[in-house]
Colleague: 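Just passing along the structure, written as structure tokens.
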Number of protein chains: 2
Amino acid sequence: MATKVFIVDDHYMVVEGIRSLLQNEKGIEWTGHAMNAASCLAFLQRQQPDIILMDINLPDKSGIDLCREVKEKYPSVFIIGLSTFNQQSFIQKMMDSGASGYVLKNATQEELMEAISVVIKGKIYFSDEASQVLTKADVNPILLTRREKEVLELIAEGLTNNEIAQKLFVSPTTIDTHRKNLLAKFGVRNTASLIRDATKLQFI
Amino acid sequence: MATKVFIVDDHYMVVEGIRSLLQNEKGIEWTGHAMNAASCLAFLQRQQPDIILMDINLPDKSGIDLCREVKEKYPSVFIIGLSTFNQQSFIQKMMDSGASGYVLKNATQEELMEAISVVIKGKIYFSDEASQVLTKADVNPILLTRREKEVLELIAEGLTNNEIAQKLFVSPTTIDTHRKNLLAKFGVRNTASLIRDATKLQFI
DNA sequence: CGGTTTATCCTGTTTTTAAGGGATTGCCGC
DNA sequence: GCGGCAATCCCTTAAAAACAGGATAAACCG
């Protein structure tokens, strides 16, 4: 029985590229594509593919959220993340949300086919580059607590410690401590480079 | 005579997508593709296509730089920018570097064909979305002076006013004024949101 | 030429952060 | 039950940045 594959990606050229890569494969049945999260969910109500290739950047919702939602409603559908970015936190979040694999958009036909065949067996697949990124990331991961992330975002919004404290119903000194810890975790000296690094590492 | 088209993009799936979109078009001759700037330049030494579809994000060099270089050496080759981002400054820089058009990767086959046929005549083509972005950007452009950009980058590096002043051989109060002007131009209250907005708008 | 922009510099005051030092509570896993 | 971590809170001092309201010389441009 052929493996039913569905694509969610807002870039027409990528959809065409994948279709062209898969069209001559015998074990693959192309069931269609969606350009956004909403039409993906609508499609799933009618029929479920075996595998969804899912972009991380969608116009209406992040692929990470869509991934979680799909896995909740249809646990038997396997999801392979698809992205141009080989960014540690993205890959990690995608896997945390229930994805079974991750492939970069510069993958070859062979890699894509291998990913599909591995994932359909219930195993996990990483593209070489993605796993390189992950292992590199493990050497020096910046792990923030929920509260720290919250504070970090409010700092980026331009709020002062006092304003953040009011918003979160805590003392300004608490925010000061969180700030202190954020600077330490990122290994920077001040807010400017904190925000810059946090942005580059996709925390904001 | 068929229009010779060449692609520069490091994402295999996108290359495949474009190839598949163009392969049945009679007026188009696919002359090949490159995954990076270096092999693009190597190809051009042997033969010149009529049109290059060029990604903005390449592994070894930015598409903007490659665009400039190609136009210097081979002025008769038309270049169409290709990107997932519809980011004002990217589009602007690409056009400033000699590109004749700009197409987003979610373009349809029709759009792509229209872009090629318009550009080959020596005219300029913008995809609908790209031109929307440009006109929107014109309403509220943030124009920084050379000095302001310089200071902005040093702020993002985490330097204090005094350190920046030393580095640029000016008074700390001068840096303070530049900072004041940067905050005003971005319409923000402090460094944190300055860096955040500057990053989002690709100034850093 | 004359206006505009750019870059430079100044004197203040007030607010906000950074950097040190601690302390307490509650929760989780071993 | 104990160690570790997360989250909370406090103090002090010095540095840095924001805010206000200026001025001047040079370069750029129509």
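Nothing here was measured: the structure is a model prediction, and the numbers come from that model. Just so you know, these numbers use all the heavy atoms, side chains as well, and skip hydrogens, waters and symmetry mates.
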Colleague: Contact boundaries of DNA chain D with chain B (under 4.0 Å, heavy atoms), 5' to 3'?
Modeller: D:dA16 to D:dG21
Colleague: What is the distance from CZ of B:Arg189 to P of C:dT15, rounded to the nearest Å?
Modeller: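 Between P of C:dT15 and CZ of B:Arg189: 14 Å.
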Colleague: Do A:Arg179 and A:Asp176 sit within salt-bridge range, that is, some charged N less than 4.0 Å from a carboxylate O?
Modeller: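 Salt bridge: no.
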Colleague: Exactly one of B:Leu82, B:Ile80, B:Ile56 should register a side-chain contact (heavy atoms from CB on, under 4.5 Å) with B:Tyr102. Which one does?
Modeller: B:Ile56
Colleague: Name the orientation class of the two ring planes belonging to B:Phe43 and B:Phe6 (parallel below 30°, tilted from 30 to 60°, perpendicular beyond 60°).
Modeller: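 B:Phe43 vs B:Phe6 ring planes: parallel.
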Colleague: Just wondering, are more than 12 heavy atoms of other shown residues or ligands nearer than 6.0 Å to NZ in A:Lys4?
Modeller: no
Colleague: Minimum heavy-atom separation for B:Ile124 to B:Val118, with atom names?
Modeller: O-CG1, 3.6 Å
Colleague: Do nucleotides 4-14 of chain C as a string where each nucleotide becomes B, S or -: B if the base has a protein heavy atom under 4.0 Å, S if just the sugar-phosphate does, - if no protein is that close.
Modeller: --SSBBBB---
Colleague: Please check the phosphate of C:dT17 (OP1 and OP2 only) for any side-chain N or O of A:Arg179 closer than 4.0 Å.
Modeller: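 Answer yes for this pair, as a side-chain N or O of A:Arg179 is under 4.0 Å from OP1 or OP2.
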Colleague: What residue pairs, at least two apart or across chains, pass salt bridge (Lys or Arg N to Asp or Glu O under 4.0 Å) with a residue in residues 52-64 of chain A?
Modeller: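 Sorted pair list: A:Asp55-A:Lys105, A:Lys61-A:Glu69.
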Colleague: Give the intermediate values and the outcome of salt bridge (charged side-chain N to carboxylate O under 4.0 Å, His left out) for residues B:Lys200 and B:Asp197.
Modeller: CA-CA 5 Å; B:Lys200 295 228 160 141; B:Asp197 288 6; over 6 Å; no
Colleague: Any carboxylate oxygen within less than 4.0 angstrom of a Lys/Arg side-chain nitrogen, looking at B:Lys167 and B:Glu157?
Modeller: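 No salt bridge links B:Lys167 with B:Glu157.
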Colleague: Take the protein atom CD1 of A:Ile164 and the nucleotide atom C1' of C:dT17, then report the distance between them rounded to whole Å.
Modeller: 12 Å
Colleague: Just to confirm, is there a sub-4.0 Å distance from OP1 or OP2 of C:dT16 to any side-chain nitrogen or oxygen of B:Asn190?
Modeller: no
